[in-house]
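For ligands, and for the atoms within them, numbers begin at 1 and follow the listed sequence.
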Amino acid sequence: MKILVSDNLSETGVEILKKAQGFEVDVKTGLTPDELKSIIKDYDGLVIRSATKVTTDLIQAADKLKVVGRAGIGLDNVDIPAASQRGIVVMNTPEGNTITTAEHTISLLLSLARKIPQATASLKGQKWEKKKFEGREIFNKTLGIIGTGKIGSIVADRAKGLKMKVIAYDPFIQPEILENQGIEPVTLEELYQRADFITIHTPKTKDTLGLINAQAISKMKDGVMIVNASRGGIVDEQALFEGLKSGKVGGAALDVFETEPPGGSPLLDLDNFICTPHLGASTAEAQVNVAVAVAEQIVDYLLFGVIKNAVNVPSVSANLLERVRPYLVLSERLGTFQSQTLEGGMTEVSIEYQGEVAGFDTKPMTVSVLKGLLTPILKDVVNFVNAPILARERGIRVIESKTDTADYFLNLITLRVKTQKMESSISGTIFGKYEPRIVRLNNFRLEAIPEGHMLLIYNEDKPGVIGSIGMTLGKHRINIERMQVGQEKEKGGNIILLTTDRVIPGPALKELISLPSVKKALPLEL
Ligand code: 9EZ
């Protein structure tokens, strides 16, 4: 087995690979895309961090490649669908650097409160400015945490150790789960009103991009201090600049930026702004953790066929995989589709398997459903191993049922999801041997291919609506590839499901929603 390590990997990880039976390991970092492409054909495994770009082009040339392992979490640099198409397993290490990132957040919080970076710079400039650097205590202050997954929870625990009062908002975690961790669950509005310090620990999603904007800041306490060591762009840098300049925001610490490095950002000139160059996950311990994890995972897969933390392959034995793959694909797509139509955090997911599919072990399909449901909200941390754990940690009840026959279909998978705000159901089937189809959405019968860029429109049943939608999309040069129209009987409205040739840009979506008969338009990425 030949393994290429193409980004800097802690030596401990390289050693694990070298010691594995029959492994030959090359470490070649800093290759250009062309150099990498010219040598990749000989390798069975590729180990990367964030620098190597695993593109379709590279994958085309990778004749023997079976696995790509990312030491760390983010997979922005890997074309996952292209890898899946060639049966290449993509793995990451979602747990190796949570503590490190939480600790960095606490470091930034205390540095901000005590102006340590500014005071260091002053003293190194031969000054002794005691008055200027008077700080603030954090004892008894309220910390507002947005997003309480793995990292946010550890931040909460550490902050409680420092005797802060911890309140948190996470739309996808049941309030009782936060209460059990000694965290007071609050709405986002209340968090803004009460927090002396605010820290963000969410992935970057369509809901969190620009979350901390001018409007959000205007709701916060005067002098609030803001920390972001999650993802760049969740804090709107222009709005933050204005808040810091006016004094509304007392101080801010960013580890991540809209563009990295942030170049000429005016934030860098402000006295009450401190920062680090995306160091959240950068400790010796975390780098060893992720290197060891990725090395062990690659060895386990290539020598023993055991898949851990894969983002594109469920854990199923190879011979069974052939037969159940269509159902695994269908399950994941149904979950991904439905997740993007939901409002409110999920409280219950019930999955019904009917017909032929009920004859298989359905556990992997349930895992696929959960991975599909969670990925749009939690992004790269979700994989085919931890999806059920992540669901349980969020207080989501999962119920499975099976019946041997399905009305009208040879096989049918139905998801019924309850959230704090709504209930929704979706059904899908496999046509022929391999073709996944969505056949029902609540009371709407349809036959849609769950793939690509889709748009779900709820509209009033009136003449001319479809025309106006087509015109609007056409004006923005968006081509409609497929279209389904139907009535949702109980709600008396119409539903249109479109597949478009590309992602619908914000302005086009705004225009669609403002059309007189359009009630709702949800873009869905499958
Ligand atoms: C937070 C969120 C969404 C959010 C998204 C995810 C954990 N988490 N939190 C505030 N995945 C909207 C507003």
### Message
Using heavy-atom distances only, which candidate in Ile212, Ile234, Leu374, Asp207 approaches atom 12 (C) of ligand 1 most closely?
### Response
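The residue whose heavy atom sits nearest atom 12 (C) of ligand 1 is Asp207.
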### Query
What pair of heavy atoms forms the shortest contact from Arg392 to Ile177, and how long is it?
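Nearest pair, atom of Arg392 first, then Ile177: O-CD1, 4.0 Å.
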### Query
How far apart are the closest heavy atoms of Leu112 and Ala253, and which atoms are they?
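Looking at all heavy atoms of both residues, the closest pair is CD2-N, 3.9 Å.
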Considering heavy atoms of the protein only, find what lies nearest to [atom] and give residue, atom and distance to 0.1 Å.
atom                    : value
atom 11 (N) of ligand 1 : Ile377 O, 2.5 Å
atom 7 (C) of ligand 1  : Asp170 OD2, 3.1 Å
atom 10 (C) of ligand 1 : Tyr169 CE2, 3.4 Å
atom 9 (N) of ligand 1  : Thr202 CG2, 3.3 Å

### Query
Is ligand 1 less than 4.0 angstrom away from at least one heavy atom of Thr205?
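Thr205: no contact with ligand 1 (<4.0 Å).
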### Task
Answer with yes or no whether Pro171 contacts ligand 1, where contact means a heavy atom under 4.0 Å from a ligand atom.
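In this structure, Pro171 qualifies as a contact of ligand 1 - some heavy atom is under 4.0 Å.
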### Query
Do side-chain atoms of Asn494 reach the backbone of Glu460 as a donor and acceptor pair under 3.5 angstrom?
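It does not hold such a pair.
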### Query
Is any NZ, NE, NH1 or NH2 atom of the basic residue among Glu258 and Arg231 found under 4.0 Å from an Asp or Glu carboxylate oxygen of the other?
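Looking at Arg231 together with Glu258, the answer is no, because their closest N to O distance does not fall below 4.0 Å.
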### Task
Look at Lys165 together with Glu184 and state whether they make a salt bridge at an N to O cut-off of under 4.0 Å.
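A salt bridge is present here (some side-chain N lies under 4.0 Å from a carboxylate O).
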Under 3.5 Å, is there a donor-acceptor pair linking the side chains of [X] and [Y]?
X      : Y      : value
His104 : Thr276 : yes
His201 : Thr199 : yes
Gln193 : Glu189 : no

### Task
Quick one: look at Leu211 and ligand 1, take heavy-atom pairs under 4.0 Å, and tell me if it's side chain, backbone, both or neither.
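The part of Leu211 near ligand 1 is the side chain, not the backbone.
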### Task
With heavy atoms under 4.0 Å as the rule, classify the contact between Ile173 and ligand 1 as side chain, backbone, both or neither.
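Neither part.
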### Query
With atoms numbered from 1 as shown, which atoms in ligand 1 lie under 4.0 angstrom from a non-hydrogen atom of Pro203?
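So the atoms of ligand 1 that pass are 6 (C), 11 (N).
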#### Entry: Numbered atoms of ligand 1 (with element) below 4.0 Å of Thr208, judged on heavy atoms
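Heavy-atom distances to Thr208 below 4.0 Å select 2 (C), 3 (C), 4 (C), 5 (C).
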